[in-house]
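Just so it is clear, the structure is predicted and the values come from calculations on it, not from any experiment.
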Amino acid sequence: MPQFVIERDMPGVGKLGPAELKAASQGSCNVLRTLGPEIQWVNSYVTDDKIYCVYRAPSADIIRQHAETAGFPANSVAEVRATIDPTTAE
């Protein structure tokens with residue numbers, strides 16, 4: 001299944017505490033359950049003013065539907081074409 005990176009502009013998000021991040025995660029998971037098993041949240045990286053999320057889904061459209069339903073921005077949705085790491089250099 002294709003994998004996507006979603007960039008979410010969320011000023012101040014890095015200052016959220018564990019309880020607030022948990023609540024946001026629960027909201028996201030609730031929407032994922034309603035959309036069905038074809039969309040999967042892999043993980044997210046929280047920075048000062050953005051969240052970068054990795055999802056598996058059949059299309060960018062369902063990623064945008066998830067964001068709209070959950071009330072999260074999806075400023076950029078990009079399909080992952082390849083994954084590299086230090087072992088790629090060997």
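Residue Glu68 qualifies as open at atom CD: its count of foreign heavy atoms under 6.0 Å is 12 or below.
Placement of Ile51 and Val5 in two distinct hydrophobic clusters is found when ILVMFWY residues are connected by side-chain heavy-atom separations under 4.5 Å, directly or transitively. Hydrophobic clustering, with ILVMFWY side chains joined whenever heavy atoms are under 4.5 angstrom apart, keeps Leu32 apart from Val54. Both Ile62 and Val77 belong to a common hydrophobic cluster when Ile, Leu, Val, Met, Phe, Trp and Tyr are linked at side-chain heavy-atom distances under 4.5 angstrom. Residues Val46 and Met10 share a single hydrophobic cluster, defined by chaining ILVMFWY side chains whose heavy atoms lie under 4.5 Å apart. If you chain together hydrophobic residues whose side chains sit under 4.5 Å apart, Val13 and Phe72 fall into the same group.
Side chain of Arg56 to main chain of Gln40: no donor-acceptor pair is present (N/O by atom type, distance under 3.5 Å, no hydrogens or angles). At distances below 3.5 Å, at least one donor-acceptor pair connects side-chain atoms of Thr34 with backbone N or O atoms of Val31.
Contact detail for Trp41 and Ser25: the closest heavy-atom pair is CH2-OG, 3.6 Å. The minimum heavy-atom distance between Asp49 and Gly12, with the atom names listed, is OD1-N, 2.7 Å. In this structure, Cys53 and Arg8 approach most closely via the heavy-atom pair SG-NE, 3.3 Å.
A donor atom on one side chain and an acceptor atom on the other are not found under 3.5 Å apart for Ser59 and Asp61.
Between atom CG of residue Leu21 and atom CD of residue Gln26 there is a gap of 11.0 Å, rounded to the nearest 0.5 Å. Once rounded to the nearest 0.5 Å, the distance linking CG of Asp9 with OG of Ser76 reads 9.0 Å. Atom CD in Glu90 sits 8.5 Å away from atom CG in Asp85 (nearest 0.5 Å).
Within the 4.5 Å cutoff, side-chain heavy atoms of Tyr52 are placed close to those of Thr47.
Classification of the Tyr55-His66 ring pair by plane angle, with boundaries at 30° and 60°, yields tilted.
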Candidate pair Glu20 and Lys22, rule salt bridge (charged side-chain N to carboxylate O under 4.0 Å, His left out), full reasoning:
CA-CA 5 Å; Glu20 294 162 306; Lys22 180 179 181 179; over 6 Å; no
